[in-house]
Amino acid sequence: MMDFLTQCRAAIGEQYVLDTPDGMAPFLTDQRGRFTGKALAVLRPGSVEEVAALVRACAEHRVGLVPQGGNTGLVLGSVPDASGAQVVLSLARLNRIRQVDPVNRTMTVDAGCILQHIQEAAAAEGCLFPLSLAAEGSCTIGGNLATNAGGTAVLRYGNTRELCLGLEIVTPQGEIWSGLRGLRKDNTGYDLRDLFIGAEGTLGIITGAVLKLYPQPKACITALAALPSPAHAQQLLVLMQDHCGSSLTGFELMSRYCLELVAQQFPQLPRPFAGPHAQYVLLELSSSESEQHAVGLLERAIGAALERAAIDDAVVATSVAQSAGLWQLREHIPLAQAKAGKNIKHDISLPVSRIADFIAATEPLLDAAFPGCQLVCFGHLGDGNLHFNVAPPAGVSNEDFLRNQDQVNRVVHDSVAAFGGSISAEHGIGALKRNELARYKSPVELNMMRAIKAALDPLGIMNPGKIL
Ligand SMILES: Cc1cc2nc3c(=O)[nH]c(=O)nc-3n(C[C@H](O)[C@H](O)[C@H](O)COP(=O)(O)OP(=O)(O)OC[C@H]3O[C@@H](n4cnc5c(N)ncnc54)[C@H](O)[C@@H]3O)c2cc1C
């Protein structure tokens, strides 16, 4: 049997098999710098056939492989473990936009395409690819699909799953399945595509995808509302949806503490209100008609919200620059948190109707267990998704506080479970939340997941140690 790495070099060319420490280093550390794995090699194929040849080599030699796109994932899913026995399979060289079909409103792409390039290619055809997240300049569509990424436009357009019509997959046996169908209706048996979306590379490698495109909105306007409580934010969401229907594209909740943190760390950013408020909601409306139409809709909805005392105050951006300024407040929360120190992060989802009760119930539990800890609570309220991060009390060092990670997780995740929520809304499970998954999924559900994994990947070579 040919030596494994010799077989890989023969399949994709010597220069694309990296096995020196310097060559491999950029692929081994996770996004937040929390973990650096070891690898036998980093493989950089340039075509679907090369991916398939590498997977066949891995299967033959029983080598575990870790698919990697932009390595922006937040749950240690795209880096190898510490054994040095796995390979990283980078999809970065598969970066072609294969075809745009403006009539079918679809685009067929390689999995290694950077999300921003896909957005730009859609815009060049007068279309919109609505997936948008802060990592869009470096994450890939393969990674977005493998994690079923969310982002800022889920309320209107859905998660990545909803934006995908077809996939091309290299199976764990090294076969190529071309499911690149641009069909909106296709009831021909099990939906295999949906199995691979959100599977975090544990069932096969995504090498291509057919994506849905939408008409470009004619106008997009933004407003910031100030409110007394998360319960008022829920009320505002229903009111906005009743008034604006699918024109409502963004609905982001931010607590007073979040904006205070942003103001401390980034004093140059705008402060839209004279005084503080308990909660804020960033609203975005898109219109397929005109800016006038969008402004009219928003003003009527805000008027109704003020009348019903759902909000205390609101500012509407009157220029693109003002709108960008309001979004910057939201986007700078994670950056302000990172500048201020470490915190224990949770990426949770709940039924929208239970969010206010969840926050009201969980904050006191945290405060009782870790007196003085700071809750940094913000997120895509319209999708029921909260970033529910816990920062150390004043005077407690980051290191001392982080030792409580398991106990903090227990308080938050037990409460999430009690309110019918999920411990991962967006980022996935990876290696980081494997134990949490085992704790909160029922044995029946876990057994079905294990059965699917065993059926598709009996050798267990696809991203070993992730999810299950
Ligand atoms: C600043 C920042 C903001 C973010 N914001 C959001 C957000 O708003 N919403 C959200 O959902 N997520 C967000 N994320 C996390 C999100 O998961 C990733 O940014 C993105 O979806 C991952 O894409 P990637 O190409 O970097 O994948 P990677 O990090 O490389 O991989 C992620 C997972 O997918 C697997 N994988 C990658 N490519 C493939 C493939 N072709 N086939 C099979 N498996 C594959 C990997 O093995 C790994 O398990 C954010 C991350 C950062 C750093």
Side-chain angles (χ1 to χ4, degrees), residues 26-33 37 42 45 48 51 55 64-81 86-95 109-118 131-154 158-161 163-164 167-172 195-209 250 252 330-335 337-338 345 347 349 378-380 383 385 387 424-434 457 462-467:
F27 300 85
L28 303 183
T29 299
D30 92 288
Q31 169 65 215
R32 289 199 179 127
V42 174
V48 182
V51 174
V55 175
L65 63 94
V66 182
Q68 190 179 94
N71 195 19
T72 68
L74 298 173
V75 290
L76 310 184
S78 51
V79 286
D81 65 15
Q86 301 177 340
V87 291
V88 173
L89 196 145
S90 165
L91 278 299
R93 289 182 61 226
L94 271 70
N95 59 6
V109 299
D110 281 355
C113 282
I114 302 281
L115 174 56
Q116 192 177 330
H117 299 167
I118 293 176
L131 181 65
S132 177
L133 43 110
E136 63 199 23
S138 44
C139 65
T140 64
I141 192 68
N144 302 144
L145 285 158
T147 57
N148 187 25
T152 54
V154 173
N159 289 306
T160 313
R161 186 186 300 282
L163 301 174
C164 175
L167 286 182
E168 178 184 73
I169 296 288
V170 170
T171 69
L195 267 185
F196 294 98
I197 298 175
E200 301 182 41
T202 60
L203 300 180
I205 299 180
I206 300 169
T207 51
E252 302 282 318
R330 163 66 179 84
E331 282 158 5
H332 277 68
I333 298 171
L335 305 174
Q337 269 190 288
K345 295 190 191 309
D347 153 47
S349 66
F378 62 101
H380 316 297
D383 317 326
N385 174 193
H387 299 293
S424 175
E426 288 196 321
H427 302 158
I429 299 300
L432 194 68
K433 295 189 187 155
R434 225 161 51 125
D457 179 23
M462 294 301 312
N463 217 357
K466 311 293 162 56
I467 301 187

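One-based numbering, in listed order, for ligands and for the atoms of each.
When only non-hydrogen protein atoms are considered, atom 29 (O) of ligand 1 lies nearest to Gly73 N, 2.7 Å. Of all protein heavy atoms, the one lying nearest to atom 40 (C) of ligand 1 is Ile206 O, 3.8 Å. Looking from atom 50 (C) of ligand 1 to the surrounding protein, the closest heavy atom is Leu74 CD1, 3.9 Å. Here the heavy atom of the protein found nearest to atom 47 (O) of ligand 1 is Pro67 O, 2.6 Å. The closest protein non-hydrogen atom to atom 33 (C) of ligand 1 is Thr147 CG2, 3.7 Å. At the shortest separation from atom 12 (N) of ligand 1 among protein heavy atoms lies His427 CD2, 3.7 Å. Gly70 N, 3.4 Å is the protein heavy atom nearest to atom 24 (P) of ligand 1. With hydrogens left out, the protein atom closest to atom 19 (O) of ligand 1 is Thr72 OG1, 2.6 Å, a heavy atom.
Applying the 4.0 Å criterion to heavy atoms of Gly204 picks out, from ligand 1, the atoms 43 (C). Interface of Gln68 with ligand 1, defined as ligand atoms under 4.0 Å from a residue heavy atom, comprises 30 (O). Close contacts of ligand 1 with Gln31, meaning ligand atoms under 4.0 Å from a residue heavy atom, involve 53 (C). Near Gly201, meaning under 4.0 Å from any of its heavy atoms, are these atoms of ligand 1: 43 (C), 44 (N). Ligand-side atoms of ligand 1 in range of Asn463: 47 (O), 49 (O), range being under 4.0 angstrom from any heavy atom. Of all the atoms in ligand 1, the ones that sit under 4.0 Å from a non-hydrogen atom of Leu91 are 41 (N).
Between Cys113 and Thr140 there is no side-chain heavy-atom pair separated by less than 4.5 Å. Annotation: side chain of Lys345 is in contact with side chain of Arg32 (closest heavy-atom distance under 4.5 Å).
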- Start with the C-alpha gap between Gln68 and Ser90, add the side-chain angles, then the distance that decides, and say whether side chain to side chain donor-acceptor pair (under 3.5 Å) holds. CA-CA 5 Å; Gln68 190 179 94; Ser90 165; 5.2 Å; no

- Item | Test side chain to side chain contact (heavy atoms under 4.5 Å, CB included) applied to Leu65 and Val55, step by step | CA-CA 8 Å; Leu65 63 94; Val55 175; 4.2 Å; yes

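Both the backbone and the side chain of Asn144 come within 4.0 Å of ligand 1, counting heavy atoms alone. Heavy atoms of Asn148 found under 4.0 angstrom from ligand 1: none, in either backbone or side chain. Both the backbone and the side chain of Thr140 come within contact range of ligand 1, each with a heavy atom under 4.0 Å. With a 4.0 Å heavy-atom cut-off, ligand 1 is reached by no atom of Lys466.
Of the candidates Val170, Val66, Ile205, Leu89 forms a side-chain contact (heavy atoms from CB on, under 4.5 Å) with just one, namely Ile205.
With respect to Arg330 and Glu252, a salt bridge is recorded, a charged nitrogen being found less than 4.0 Å from a carboxylate O.
If you check the side chains of Ser349 and Asn385, you find no donor sitting under 3.5 Å from an acceptor. For the 3.5 Å distance criterion, the side chains of Asp81 and Gln86 qualify, holding a donor opposite an acceptor.
Nearest to atom 28 (P) of ligand 1 by heavy-atom distance, out of Leu335, Asn385, Asn71, is Asn71. Relative to atom 10 (C) of ligand 1, the option among Glu426, Glu200, Met462 with the closest non-hydrogen atom is Glu426. In this structure, of Ala134, Gly379, Ala146, the residue bringing a heavy atom nearest to atom 35 (C) of ligand 1 is Ala146.
Checked against a 3.5 angstrom limit, the closest N/O atoms of Ser138 and ligand 1 fall outside it. At least one N/O-N/O distance between Gly150 and ligand 1 falls below 3.5 Å. The shortest N or O to N or O distance between Ala135 and ligand 1 is not below 3.5 Å.
Considering all non-hydrogen atoms of both residues, Pro80 and Val88 come closest at CD-CG2, 3.7 Å. Across every non-hydrogen atom of Leu131 and Glu136, the tightest pair is O-OE1, 4.5 Å. Shown here for Asp457 and Pro172, the closest heavy-atom pair between the two residues is OD1-CB, 3.6 Å. Closest of all the heavy-atom pairs between Asn71 and Phe27 is ND2-O, 4.4 Å.
Not a single heavy atom of Gly430 sits closer than 4.0 Å to an atom of ligand 1.
Looking at Arg161, its side chain does come within 3.5 Å of a backbone N or O of Ile197 through a donor-acceptor pair.
If you take OG1 on Thr152 and CD on Glu331, they are separated by 7.5 Å, rounding to the nearest 0.5 Å. Rounded to the nearest 0.5 angstrom, Leu432 CG and Ser424 OG are separated by 10.0 Å.
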